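Here is the structure we will look at.
Since we're looking at a predicted model, the values are computed, not measured. Just so you know, these numbers use all the heavy atoms, side chains as well, and skip hydrogens, waters and symmetry mates. Numbers here simply count residues along the sequence, with the first being 1.
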Amino acid sequence: MGGSSMMSIGILLLLLVVMYFLMIRPQKKREKETNAMRAGIQVGDEIVTIGGICAKVVKTKEETIVVQVGPDKVKFEMMRWSVSKVVKEGPGRRERDTDDFDEVADAEENEVRKSRPKRMKKAAPVVEEIEEEIEEPVEAAEEVASAPVEEAAEVVEEAKEEE
């Protein structure tokens with residue numbers, strides 16, 4: 001009896017070890033890779049979210065990222081955990097495990113500059129210019145509008161004199 005119970009415990013332990021190597025270990029490895037990918041997201045990367053949204057990373061924060069979507073360049077903030085995969089790495093990404101400092105310096109020199117949005121000018125000078133442009137045609141229109149009235153008045157006066 002003692003041998004058969006030891007055999008069943010041995011089979012149970014063997015089954016647990018096989019399940020660990022076939023199921024638990026690969027899942028933890030995938031989870032570790034996914035967390036490293038999400039932590040390594042940088043500005044300029046193109047990503048796909050869990051919901052299927054394709055976007056470009058504009059700004060990164062500790063727990064969140066700001067992404068830009070569509071031709072209208074709509075920006076919104078989302079959690080890092082919602083990133084499914086990085087489709088295309090940005091142009092400014094550097095290799096972290098490079099030991100040669102000359103290569104890193106060359107990469108920094110050749111790094112593509114980020115374009116920033118243009119700032120809008122103050123509206124006050126533009127408003128003044130528009131007001132000046134509007135005043136001139138208004139004065140000219142008043143002259144044109146009053147001219148036929150004056151001419152009509154002269155014609156009426158001449159008609160009265162002729163009578």
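Within the model, atoms OG1 of Thr49 and CH2 of Trp81 stand 10.0 Å from one another, a figure rounded to the nearest 0.5 Å. Taken to the nearest 0.5 Å, the NZ atom of Lys56 stands 8.0 Å off from the NZ atom of Lys73. Rounding to the nearest 0.5 Å places CD of Glu46 at 10.0 Å from CD of Gln68. The line from CD of Gln27 to CG of Leu22 is 13.0 Å long, rounded to the nearest 0.5 Å. A distance of 15.5 Å separates CG in Leu15 from OH in Tyr20, rounded to the nearest 0.5 Å.
The two residues Val57 and Thr60 make their nearest non-hydrogen contact at CG1-CG2, 3.7 Å. Listed here is the closest heavy atom pair of Val66 and Lys75: CG1-CB, 4.3 Å.
Val48 meets the side-chain contact (heavy atoms from CB on, under 4.5 Å) test with Cys54, Lys85, Val87; sequence neighbours excluded. Listed by chain and number, the residues in a side-chain contact (heavy atoms from CB on, under 4.5 Å) with Ser82 are Met78 (sequence neighbours excluded).
Listed for the Arg80 side chain is a donor-acceptor partner under 3.5 Å among the backbone atoms of Lys61.
Residues Val86 and Val67 share a single hydrophobic cluster, defined by chaining ILVMFWY side chains whose heavy atoms lie under 4.5 Å apart. Linking ILVMFWY residues whenever their side-chain heavy atoms come closer than 4.5 Å, directly or via other members, places Ile53 and Ile41 in the same cluster. Residues Phe21 and Ile24 fall within the same hydrophobic cluster, defined by Ile, Leu, Val, Met, Phe, Trp and Tyr side chains chained together at heavy-atom separations under 4.5 Å.
Two residues are said to be in side-chain contact when any heavy atoms from C-beta on lie closer than 4.5 Å; Ile47 and Ile65 meet this criterion.
Heavy-atom neighbours of Met19 CE from other residues, nucleotides or ligands within 6.0 Å: at or below the threshold of 12.
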